[in-house]
Structure formats: C-alpha cells, structure tokens
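All ligand and atom numbering here is 1-based and tracks the order in the structure.
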Amino acid sequence: MAQNFRGPRAIVWAVIALATGIFYQAILHNIIFDTIGIGREIQPIDDFPWSCNRLRHPLIEGCEDIWLDSEGRKLYATCTSLDTRMAWCPGGNKYNISARSRTDHIAVLDIDQPGSNGLYGLRQLKIGGYQDYLDLVGFDVRRIKGQLRFWLVNHRPPIDQATGEFLDASVVGANSTVEIFDLNDNTETLEYVKTIASDAILTPNNLAVEEDGLAFVVTNDHNKKVGKFRDLEMLFGGGSLTYCRSDTGKCYIAAKEGFSFANGIVRDKNGLYYVAHSVTGHITIHKMVNGQLLKIDEIHTGYPLDNLSLDTDGNLIAAAFPDPIVSRKSLTDPYNFTSPATVLAVNKIARQIKERGGKNTEVLKIVEDRDAKSLPSATIAVHDAESRRLILAGIFSPFITICEHI
Ligand SMILES: *[C@@H]1O[C@H](CO)[C@@H](O)[C@H](O)[C@H]1NC(C)=O
Ligand SMILES: *[C@@H]1O[C@H](CO)[C@@H](O)[C@H](O)[C@H]1NC(C)=O
Ligand SMILES: CC(=O)N[C@H]1CO[C@H](CO)[C@@H](O)[C@@H]1O
Ligand SMILES: CC(=O)N[C@H]1CO[C@H](CO)[C@@H](O)[C@@H]1O
C-alpha cells in the first residue's frame, strides 16, 4: 500500500513545491523585499540636495492629496483632522461615522508668497450650493476655459433612504461618489455642479481626468467595499479601474486584472494612465483600447507606493514608504510618530517607456528621510518644476513639508 501511495503523494508534494515556488517568486519575494523592505538601505535626508521645512496649522492636517496649479501658482489640498482620518477611512477599514470631526475642507496656499508667518497665506475654499457634508480624499483638477473644475472623491456615509439614519458602514461600506465643483476664483468658492454616483465607483482611492474635462478614471483600491476577506486582498491583489463620463454620469469597470491595492493615478498628455500598486510597488501603464484600459507596460520600483503626480516637465513623482512596518505605527499615533519617507521620480516617463520599455526605465530616489526629521509620513509628493520645489503631505500627517532644491 505504501508503495501505492508514494506516487500520488510525490506528485502532491511536487505540486505544493511548485506552487510554493511560484508563490514565493510572485508574491512572497515581493512582500519580503519590496513591501517589507528587508535589506533596503534607507538614507538620511542630509544625503540629498534639499532644504525642507515643515508647515504646521490645523488647516493642513491629514491632507490626503494635493494639486499644484502651476499656472495660477496655488496649491490645493484635501485635508481634515487626524481624528477623522483615524475614525473614518473606508480604504483602511475604519468605519466610525459618528467620530468624524466634520472638518474636511480644501486648503489653499499661494505657493510663491510665504508671507511673514511662513504659511503662504493659508486659508480654505468656501463651498457653495452643496447641502451635504464632504468626506474628502483624492481629487483632480482641470482648467477649462480659464476656470478650475474639481473632481472630488467623496466617501459619504451610507444612509437608509427610508429613515434618513446612518447605516452601519462596516456592513454596507461607504457610499462613495465623485463630486464635480467649479471654482469661482474671485470669491474662492467651489460651486456645486453635479454628483456622479455609480456601482462601478466601488472603493475609490484617486482619480485622473482627461484633457477634455469629460471622461475620468477612478482607481478602486479593493474588489469589495467590506467583508471578512478584504484584507487578504493585500496579499493576493485587488482593485480595478473605473471609467466614467462627467456629462452622462455613466461609469463602468474598464480593467480588473492584476491590481494590488490600486492607489495613485495620473494621466499624461498622450492619454496614457499610470497607476501605482501599493503592495507590489509596481506602476502599470494603461491605454484605452476598445473601451478597456489595457495594460501596455509596467515599472517595478521596489518600494511600496502611494500616490503619484506628474510635473509640468513630464516627470512622474511617487511617494513611497521605505519601511512599512514603522509606517503602521505612525498610523496609530500620528501626532507623536512620523515614519520615514521616500520620494521616487521617473524622469520624462512617457519618453522612457517608449524608448526603453518599463523594464529598463530608470527609477530615481530624489529624497529620503530615514530619521523622519523633515518629511511627513508622505502619501503624496508634487514637484513644482518652475521653482524646483517638492511639496509633500500625508493622510496621517499633522503637517505638510516644502523642500527647496539647494
Ligand atoms: C465611534 O466613535 C464614538 C465617538 O468617538 C465612540 O463613542 C464610539 O465608541 C465609537 N464606536 C466604535 C464602534 O468604535
Ligand atoms: C448614495 O449617494 C447617492 C447620491 O447622493 C444617493 O442617491 C444614494 O441614495 C446614497 N445611498 C446610500 C446607501 O446612502
Ligand atoms: C489621492 C490618493 O490616492 N490618496 C491615497 C494615498 O494613499 C493613501 C494610503 O494608501 C490612501 O488611503 C489614499 O486614498
Ligand atoms: C506619548 C506622547 O508624547 N503623547 C503625545 C502625543 O501627541 C498628543 C497631541 O499632540 C499629545 O497630547 C500627547 O501628549
């Protein structure tokens, strides 16, 4: 009998070994070396040619996303109190609706005028024509006929239509929508235009708007709004891209294979979309073909990534976590604990992809802060090509940082 079993058992073990090998290659290797970062050298900030300053004010706490108006020379940021971020953060499985401080707002800074207090005239935009409260995270902006139009991801708490009471968000998830607003520059008021609500806007993290200001693409960081096994998506991947039209309000899922916590997204002038995968550290490049956002190439950065931005010279900037284990600590005690941060750049990304392909694309580390001296626990970095400054913010950071090139 024993003889008889040897054959099948050997096959079973061979299959397990093979599967483990593949798993190791595909996933574990990635987790150990890219996600957790064993053996990665983290450099002190003094190794880099930047002089960095922290800006502290309640209006620039918990800024998830920032957008630089390089023409109007203003910086816009979606911020709220850290207490809110720790209570209500559907992407991070935090669902306590009542613990929100309801202070979400868009902060504005005049980026070329530091002023006597060094806060760049910090203030917040007013909101017009919108009755509800906004729960802000990622956003994008386009200048259309001289006016700035904002697309804001809004993690609305779910509401029972019959009673008007909140539903349990840990059971049904957030009711995430995209809100469109036009900025009235004279009064600094965002005037409500419309809401895009769709089942395809599932777990939105960030979005990128097309040049024409009509179509936009949303990253969903998970496959499901809630659920027992949602965290396993961290290991086995999850997420998708949703394509929407601002005019018709129609949305559909336009790519769903091969994501691992789809996070930041940007679109370049040639119509290519770049998507950051937080867990694997890959940046995938997508092109619209027959209504689907086809993956045409990818770049392996070797770092767990967060949000992306493109500067006016076509350089891609990525905020990365060099030490995710320490980063987790800064999520639970963000006032007292800032995690190390890394900013990566892929210069002239469109040209590099075209000429060398994703595999041979050069990924540069432009600044790193091992000792968390100056940078925030950054989830977004933008580069102002005109003044050669970097601006960094973090969803769980009580300040933002501006770095000048020296
Ligand atoms: C939600 O937050 C409120 C107010 O801070 C608190 O009283 C309550 O216990 C929290 N609920 C849960 C489920 O953590
Ligand atoms: C979600 O928001 C949309 C847009 O305001 C609304 O029509 C819908 O009823 C909301 N659904 C829930 C469950 O809150
Ligand atoms: C704008 C944007 O993509 N923000 C994301 C940055 O990363 C954090 C942490 O992963 C996400 O929660 C944000 O949604
Ligand atoms: C242990 C510690 O330093 N706690 C501090 C963390 O930050 C908060 C808010 O600034 C302080 O009140 C705590 O004392």
What are the distances between nitrogen or oxygen atoms of ligand 1 and protein nitrogen or oxygen atoms, counting only those under 3.5 Å?
| from | atom 1 | to | atom 2 | distance (Å) |
| --- | --- | --- | --- | --- |
| ligand 1 | 2 (O) | Asn96 | OD1 | 3.3 |
| ligand 1 | 2 (O) | Asn96 | ND2 | 2.4 |
| ligand 1 | 11 (N) | Asn96 | ND2 | 2.8 |
| ligand 1 | 14 (O) | Asn96 | ND2 | 3.4 |

Under the salt bridge (charged side-chain N to carboxylate O under 4.0 Å, His left out) test, residues paired with Glu61 that sit two or more places apart: none
With ring pair (Phe, Tyr, Trp, His ring centres under 6.0 Å) as the test, would you mind laying out the steps for His105 and Tyr76 before giving the verdict? CA-CA 10 Å; His105 61 276; Tyr76 298 92; over 10 Å; no
Checking the N or O distance criterion of under 3.5 Å, is ligand 2 in contact with [X]?
X: Ala197; result: no
X: Gln161; result: yes
X: Arg156; result: yes

Looking at Pro158, which atoms of ligand 2 are within less than 4.0 Å of one of its heavy atoms? 14 (O)
Please could you name the atoms of ligand 2 that Asn175 approaches to less than 4.0 Å, counting only its heavy atoms? 1 (C), 2 (O), 3 (C), 8 (C), 10 (C), 11 (N), 12 (C), 14 (O)
In plain terms, say whether Glu179 and Arg156 are close enough for a salt bridge, that is, a side-chain N and a carboxylate O under 4.0 Å apart. yes
Under the disulfide bond (SG atoms under 2.5 Å apart) rule, what pairs show up with a residue in residues 373-406, not counting sequence neighbours? Cys52-Cys403
With a cut-off of under 6.0 Å to the ring centre and 45° to the axis, is Arg102 in cation-pi contact with Tyr133? yes
Side chain proximity check, Phe150 to Leu183, heavy atoms < 4.5 angstrom: yes
So Thr342 and Tyr303, do their side chains get closer than 4.5 Å, heavy atoms only? yes
Does anything in residues 247-259 form a side chain to side chain donor-acceptor pair (under 3.5 Å)? List the pairs, not counting sequence neighbours. Arg245-Asp247
